[in-house]
*Asks:* 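Structure provided below as C-alpha cells; questions to follow.
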Protein chains: 2
Amino acid sequence: MENYLKCIYNLYVQNDTILLTDLADYMNVKAPSVNSMIKKLAKNGWVKYEPYKPIKITVSGKRRAAEIIRKHRLTEMFLCEMLEFRWDEVHHIAEQIEHINAPEFFERIDMLLGYPKSDPHGSPIPDKYGAITAQAYKRLSDCAKGELVTLKALNRSDESLLKLLTNKNIHLGCTLTVKEIEQYDGSITLKLSDKVYIVLSKTVCDNLMVL
Amino acid sequence: MENYLKCIYNLYVQNDTILLTDLADYMNVKAPSVNSMIKKLAKNGWVKYEPYKPIKITVSGKRRAAEIIRKHRLTEMFLCEMLEFRWDEVHHIAEQIEHINAPEFFERIDMLLGYPKSDPHGSPIPDKYGAITAQAYKRLSDCAKGELVTLKALNRSDESLLKLLTNKNIHLGCTLTVKEIEQYDGSITLKLSDKVYIVLSKTVCDNLMVL
DNA sequence: ATAATAAGTTAGACATATCTAAAAATACAA
DNA sequence: TTGTATTTTTAGATATGTCTAACTTATTAT
Ligand SMILES: [Mn+2]
Ligand SMILES: [Mn+2]
Ligand SMILES: [Mn+2]
Ligand SMILES: [Mn+2]
C-alpha cells in the first residue's frame, strides 16, 4: 500500500488526476491489481475512488505519501553522508527502509544529518508534518545558449542516468555553461570546467534541474 | 520465515530439538501455522522435518539464522552507538531492520562501528560467515558470596528487565560484589559502588551473565 | 494396559496480493 | 453516429500466512 501511495503521489505531482493504467505501468503490476488496491486505499481515505473515473489523491493521502517519501529521502541522505554510498547505490536500499515503522529512528537520522533539506539527488525532503518546499528549478534543456547555471537536482534518478552523470564527472552543485544547442536533436554542448566540454542528449538535459 | 528461523535458532541454543508447541508460543501463533511454516523451512533445507518428530535445525539453517541475528545485533549496536538510543529502545526497531536485504548496508554499518563483537545487551554478533564466538560467562545467580564480578551480558533482554536494570544504575561492564544470598528465595544483595547496595531477585540474577 | 493428557496434523475458512481472461464502460474518430 | 480502441471492472485462479475445529499420534500416569 505504501509503494502504491508513493507512486500515486509521484504521478499526481505531474498530473492532477491519475489513470489506473499509468499506475499499473509504474508499479509493474496489471490493471486488476491496481483496481483492487485502489479500493483499499480509498477505504483508508487516501484516494478518492469512483468507478471508471480517474484516481484522485486526498489531502490525507498526500500527507501519508509525504511521510514515506520523507523516510525514503532521509535514508538516501544517510546512506550517502554517513555510510559513504554513491548516489547511484542508495535507491534500492531506501526503497526497503522507507517502510520501517519507527518515527524515532528517522527523527534521529534527521538530527544526525543536521536536518537536510534535500536528498542526494536534489529532491526536497518533506518535513515531519508532510510539507514539501517547492523548488524553483528549471530544466537544463530549457536554458538558452550562453547561460551559466548550477546543477541543483535531477528530475528522475534512474540508476543508469546517475551512472552516466558520474562517468562524465557531473554532480550536484557543479556549474555548467551552455555552449551549443543542436537544432536537429536538442543535444547540448556544455562547458564543465576550464578545458572540459561534454555533450548531453536532450533526454538527459530534460532531467537535469538547474538554477 | 526469517522470524521463525531466528526463533528456532534461539530455542535450539537452549535445547537441541524443538517442540512445535514451544515455537508456536514464542512466535505468538497457533500450532497449525507453525506446522505449515516448518514444511516450508524444510523445503529450503533449513530444518529437518519428519511428522510427529521434534524439529531440528540444519547446518544451513543455523548459517541462515546467524545472518539474520547478525543484522539484528549490528542494528542494535548502531542504534545505541550512533543514534544514541537506550538499550531498552532498540529491539523493536532491529526486529524490522534485520529483514532488510542489502548486505553492503550491514557491511558499512559494521565498518562504521569498528567491527563490534557484541551487541548492546552483550550478545555476540555472528561474523559474516555465520560463525558465533561462544561466551564463557556464568549466571550471577550461580556466584558465591563474596565474589567480585563484571556484568558482561544479559540472557534474555526483555524491555522490562532492561528498564529495571537502568533504574538501578546497572549497565554492561559494571562491577558487582555478592554480599548476601538469601536462602529462602535466592535473592542477592550486591554492592554496586562505595555506598550503593541493591537487592535483585533470583529471576533477575538468572539473566545477568558475569565474569 | 488402559485411560487421560499433550502434541502434532489435517481440513476448511479468511485475508492479502497478485495474475489471466472476459466483459463492460468510456473515449475517440471517421 | 456508429464502430473501434482504450480503459476499467469483474470473475475466477494461485500463492502466502494465518485461524478454528476436529482428528490422529505420542506420552504419561494410574
Ligand atoms: Mn530514491
Ligand atoms: Mn518501497
Ligand atoms: Mn534484540
Ligand atoms: Mn523480525
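Below, chains carry the letters A, B, ... as their sequence lines are ordered, and counting in each starts from 1. Computation of the quantities below employed the complete heavy-atom set of this structure, encompassing side-chain atoms and omitting hydrogens, waters and symmetry-equivalent molecules. The structure displayed is predicted, hence computed values, not measured ones.
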*Asks:* Please tabulate, one pair per line, all N/O donor-acceptor pairs under 3.5 Å involving side-chain atoms of residues 156-165 of chain A, not counting sequence neighbours.
*Replies:*
from, atom 1, to, atom 2, distance (Å)
Glu159(A), OE2, Lys163(A), NZ, 3.3

*Asks:* With sequence neighbours excluded, what pairs up with Glu107(A) under the salt bridge (charged side-chain N to carboxylate O under 4.0 Å, His left out) test?
*Replies:*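 Checked Glu107(A) against salt bridge (charged side-chain N to carboxylate O under 4.0 Å, His left out); matches are Arg70(A), Lys128(A).
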*Asks:* Is the ring centre of His72(B) less than 6.0 Å from the ring centre of His91(B)?
*Replies:*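 Judged by ring-centre distance (under 6.0 Å), His72(B) and His91(B) do meet the cut-off.
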*Asks:* Take nucleotides 11-21 of chain C nucleotide by nucleotide from the 5' end and write B, S or -, depending on whether a protein heavy atom sits under 4.0 Å from the base, only from the sugar-phosphate, or from neither.
*Replies:* ------SBBBB
*Asks:* Please identify each residue that fulfils ring pair (Phe, Tyr, Trp, His ring centres under 6.0 Å) with Phe85(B), with sequence neighbours left out.
*Replies:*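 Once residues adjacent in sequence are excluded, Phe85(B) has no partner under the ring pair (Phe, Tyr, Trp, His ring centres under 6.0 Å) criterion.
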*Asks:* Using a 4.0 Å cut-off on heavy atoms, which residues in residues 12-25 of chain B reach DNA chain C? List them by number, or say none.
*Replies:*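 Residues of residues 12-25 of chain B under 4.0 Å from DNA chain C: Leu19(B), Leu20(B), Thr21(B).
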*Asks:* In terms of relative ring orientation, are Phe78(A) and Phe78(B) parallel, tilted or perpendicular, with 30° and 60° separating the classes?
*Replies:*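 Phe78(A) vs Phe78(B) ring planes: tilted.
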*Asks:* Roughly how far, to the nearest 0.5 Å, is the OH atom of Tyr4(B) from the CG atom of Leu41(B)?
*Replies:*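 Going from CG on Leu41(B) over to OH on Tyr4(B), the span is 8.5 Å.
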*Asks:* Return the set of residues passing salt bridge (charged side-chain N to carboxylate O under 4.0 Å, His left out) with Lys56(A) (not counting sequence neighbours), or none when no residue passes.
*Replies:*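 Residues passing salt bridge (charged side-chain N to carboxylate O under 4.0 Å, His left out) with Lys56(A): none at all.
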*Asks:* For the pair made of CD1 in Ile38(B) and P in dT9(C), what is the distance, rounded to whole Å?
*Replies:*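 Answer to the nearest Å: 9 Å.
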*Asks:* For Tyr12(A), does the OH atom have more than 12 heavy-atom neighbours from other residues, nucleotides or ligands under 6.0 Å away?
*Replies:*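 No, not enclosed.
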*Asks:* Starting at OH of Tyr52(B) and ending at P of dT9(C), how long is that distance when rounded to a whole Å?
*Replies:*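 After rounding, the reported distance stands at 6 Å.
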*Asks:* Base, sugar-phosphate or nothing for Lys39(B)? Non-hydrogen atoms, less than 4.0 Å.
*Replies:*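 Sugar-phosphate, backbone atoms only, no base.
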*Asks:* Rounded to whole angstrom units, what separation is found between the CD1 atom of Ile55(B) and the P atom of dG8(C)?
*Replies:*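 Going from CD1 in Ile55(B) over to P in dG8(C) covers 7 Å.
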*Asks:* I need the CG-P distance between Asn35(A) and dT6(D), as an integer number of Å.
*Replies:*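 Taking atom P of dT6(D) as the reference, CG of Asn35(A) is at 20 Å.
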